[in-house]
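Sequence lines set the chain letters: A, B, ... in the order given, protein chains first and strands last, and positions in each chain run from 1.
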Amino acid sequence: MLEIIDLHASVDDKPILKGLNLQIRPGEVHAIMGPNGSGKSTLSHVLAGRPGYDVRGSVRFNGQDLLNLTPEERAWAGLFLAFQYPVEIPGVSNTNFMRSALNQVRSHRGLPALEAGDFLKIMREKAALVQLDPSFLSRPVNLGFSGGEKKRNEIFQMAMLDPQLAILDETDSGLDIDALRIVAEGVRKLRREDNSFLIITHYQRLLDHLRPDIVHVLMDGKIVRTGNDTLALELEEKGYDWLKAELA
Amino acid sequence: MRGDLTNPVPDVNEHSEEELLLNQWAEQDYAFGFVSDIEQDIVPKGLNEDVIRWISARKEEPSWLLDWRLKAYRHWLSMPTPEWAHLEIPAIDFQDISYYAAPKAAAKLNSLDELDPEIKSTYDKLGIPLEEQLILAGVAVDAVLDSVSVVTTYKEKLAEKGIIFCSFSEAVREHPDLVRKHLGKVVPYTDNYYAALNSAVFSDGSFVYIPKGVRCPMELSTYFRINAAGTGQFERTLIVADDDAYVSYLEGCTAPKRDENQLHAAVVELVAMNRSEIRYATVQNWYPGDAQGIGGIYNFVTKRGLCQGLASKISWTQVETGSAITWKYPSVVLLGDRSTGEFYSVALAARAQQADTGTKMIHIGKNTTSRIVSKGISAGRGQNAYRGLVKVRKTATNARNYSQCDSLLMGDRCGAHTYPYFEINCPDAQVEHEATTSKIEEDLLYYCQQRGLPTEEAIALIVNGYAKEVLDKLPMEFAVEARKLLAISLEGSVG
C-alpha cells in the first residue's frame, strides 16, 4: 500500500528526514515512536503534502507517485492525516465541512454525491462511533474545542472519509484516559483487511489499546529499529538512551 | 462532550440541515455577462433641462415632480464631485451617458405571458424565475430592466392587505400624495452629488407602502439589471412602513460585461413609523470589470432609512461582490425614541475592484441602539475601505452602539482600510468598536486540502465562514446566491 524508499526532507536547508525507508501493507497497523525532534511529525506532513519542505526520495501509494500529488489529490487517493494541532475554521460547521470534504472525496472515487438525508445518517453513525456529542456537528470546526475534543473530532473526520491509510500524528497527546480509550476503540472499529494505520506516538498507552503489528523507532531522521509490540514496551520501560548507545 | 457517553446516537439539529440544504444549492467568470437583444427606447446621450423634461413627459409626471427634478438638477450643477473616499474615480463625462432606456413594449401587460420572451429569457439566465418557482418561493418581484419596471408579480395578493408594491412611476400616477409626502424627505436632493443627480434624472424604481398594523406576508424583491450600452441606471426606491407594520425587502443587481464603465446612481429612502420594522437586503453583483480594471459598473448609491417612529427598526444587510467601484453607506437616522438601526455588510474587492462602503448611524432620539457588523474581503488588487460614522446628538440620552469591522486579506497586492468616525455629544452614550484584520493562513488551507477540498473550494468555505454572521441575516434563497457569488468572485484569487 505504502512504500517509502530513501526519503529525505529538509526545511530551510536543515535536513530532518535523512533516508527513511518504510513499507506498509493493507490491513497493517504500524506505530512510529521516537524522541522529540526525530522527524515524526515531519514524516506525517511530508506524506500529506504540506508545502514548505524540500523533499527527495520515492513514495509509492497504491502504485501512485505520492510526492507528485497535491494535498487534496492525496486525500482523494485515500490518505488521511489526523493532525497533532487541528486548526479552527470560524463560521464553518463541522457538518458543512464534512459534507464538502466527503463529496469531494467520493466524486474522485467514482461515487455519487450523497443526498442530504443519507449524509446525515452516515454522520450520525460515525459520530456515535467516536462518541462525539451531536452538538459538535453544528459547531464551527474545532472552534472553542478543548485539546481532547479536537483530537476526537479528527478521528470522527477520519471515520467519515474512510481512508485507505490513516496517519495519526500524536493523536493521544493531551487525551485523558477515557478519551484515549474512545479514540482507540474508534480506530479499532474502523480497522479492516484493506486499510492501514500509521500511528505516531510518544507513549505506550495508546498502543496498549491498538496492538500494532509493527513498531518502528525513528531517530535523527531514520528508522533505526523495527520490531513487534514488545519493542514499544521496551522503549516505555527503558527510554531511548539505551538504543542510542547501542546504535553508537 | 463527556455527558454524551450515555447517548451514542447523536441527532443533528435543524440548523445543520438547513446549512446542508444551503450548501447543496450553492454548488458553480461572471456568469451574467450576456446582453439581451431587446428593442430599446433610448433618449440621446447628454444631460440638460430638456432631457429632464423629456423623461418627465415620457413618464407623464405631474408638474410638482418635474419642478423637483429641475431644482435637483440646478443644485447638482452647483456641486463639486466628491473626492473624500478612498477611491480612484476616473472623471465621468456626464454628457456621454444616456439617461433613459426602456424596452420598447408599449402595451400594458396583463399577465406574465405577455412579457417579451427575450426579457423573460434574460431573467431565466439570471436564474430569476419570474413564474412558478418564485411564486412557490413566495417572493413578489418587481423587476427593473434598465429603467422601467417591467412586471410586478403578486400585486393583487398584496393589495388585499392594502400593501402597495409597484414601480415608482406607477406610484407617482396612482398614489401621488404618498409619494409627494415622502419623496426626498430622507435623502433630500441637496444631500450629495449623486443623490442630486439621481433626483434630477431618476427613471424608475420601486415603491412600497405597508399600512398600519400589517405584516407583509412575503419577501418583496426587486431585481435590477443594466442592459443597454452607454446608459446609466438611476433608480429610486421608497419604502414606507406605517405604524406597527413589517416588511422585508430584497434587491439583487447584475449587469452585462461591457468594456466601458456604466454609472449606477440610485437612491433608496426608507421610512419607519411607530413600532414598525423594515429589513432591506441587497445582493449586488454588477459587472466588476476585468482583472486589468477595464469596464465595470460605478455603483454610487445613497441609501438611508429614517426611524421616525417610537421603537421603530431599520436593518440593512448588504452583500457587495460586484461593481468596479462601490461608494455606498446605507444609514439610519434614529429619530424616534427607542428606535434601532442595524447594518450588516460583506464587501468584496477582488480583481481591480475598489469599494468604499460603510454606514452612518445618527442617534437623535432617547434610548436608541445601533449595531454595525462589517466584513471586508480584499483579494487580487482589490481595495476595500470601511467608512462608518456613529453620531450621538445631545438629545440622544442613553444611546448605545456596537461596531465590529473585520477585514480579510488574500494575497499581498490588495488593501483593507478602516475609517471609523465617532461624534459623541451625549455623555452617557455607550459606544463599542472592535476591528480585526486577518489573512487566510496557509495552514488553514492545508488542513482543508488534506480533507480533500481543492484550493478554491477551501477558500470559498473559509470566506463564507468568515462572512457567516452577515449571510445569516439574508433570507435563505438570497443567502444561497450570496454564497455562490462570493465563491465565484474569488475564483483565481489565490494561486
For [X], look at atom [atom1] and say whether over 12 heavy atoms of other residues, nucleotides or ligands are found less than 6.0 Å away.
{"X": "Asp412(B)", "atom1": "CG", "result": "no"}
{"X": "Lys121(A)", "atom1": "NZ", "result": "no"}
{"X": "Tyr419(B)", "atom1": "OH", "result": "yes"}
{"X": "Arg139(A)", "atom1": "CZ", "result": "yes"}

_Shortest non-hydrogen separation from Ile462(B) to Ile89(A) and the atoms involved_ =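 It is CG1-CG2, 4.4 Å.
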*Return the minimal non-hydrogen interatomic distance between Gly452(B) and Trp76(A), and the atom names on each side.*
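Looking at all heavy atoms of both residues, the shortest contact is O-NE1, 2.8 Å.
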*Under the salt bridge (Lys or Arg N to Asp or Glu O under 4.0 Å) rule, what pairs show up with a residue in residues 66-92 of chain A, not counting sequence neighbours?*
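Listed once each, the pairs are Glu88(A)-Lys150(A).
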_Any residue meeting salt bridge (Lys or Arg N to Asp or Glu O under 4.0 Å) with Asp13(A), in chain and number order, not counting sequence neighbours_ =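 Partners of Asp13(A) by the salt bridge (Lys or Arg N to Asp or Glu O under 4.0 Å) criterion come out as none, since no residue qualifies.
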_Please rank Glu457(B), Glu469(B), Arg451(B) by heavy-atom pairs under 4.5 Å with chain A and give me the top one._
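Heavy-atom pairs under 4.5 Å are most numerous for Arg451(B).
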So what's closer than 4.5 Å to chain B heavy atoms on [X]: side chain, backbone, both or neither?
{"X": "Pro86(A)", "value": "both"}
{"X": "Leu81(A)", "value": "both"}
{"X": "His108(A)", "value": "neither"}
{"X": "Leu102(A)", "value": "neither"}

_Atom pair CZ/CG of Arg99(A) and Leu461(B) - distance to nearest 0.5 Å_ =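 Arg99(A) atom CZ to Leu461(B) atom CG measures 11.5 Å (nearest 0.5 Å).
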*Taking atom CD of Gln450(B) and atom CD1 of Ile167(A), what is their separation to the nearest 0.5 Å?*
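One gets 7.5 Å once the value is rounded to the nearest 0.5 Å.
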*Using a heavy-atom cutoff of under 4.5 Å, enumerate the residues of residues 47-65 of chain A that contact chain B, numbered in order, or state 'none'.*
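When heavy atoms of chain B are the reference, residues 47-65 of chain A contributes Ala48(A), Gly49(A), Arg50(A), Pro51(A) within the under-4.5 Å range.
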*Who passes side chain to side chain contact (heavy atoms under 4.5 Å, CB included) against Ile16(A), sequence neighbours left out?*
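Checked Ile16(A) against side chain to side chain contact (heavy atoms under 4.5 Å, CB included); matches are Val11(A), Thr42(A).
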_With a 4.5 angstrom heavy-atom cut-off, is it the side chain or the backbone of Glu441(B) that approaches chain A, or both, or neither?_
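The answer is neither part of Glu441(B).
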*Measure up the Tyr447(B) and Phe97(A) rings against each other and bin them: parallel (under 30°), tilted (30 to 60°), perpendicular (over 60°).*
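Tyr447(B) vs Phe97(A) ring planes: parallel.
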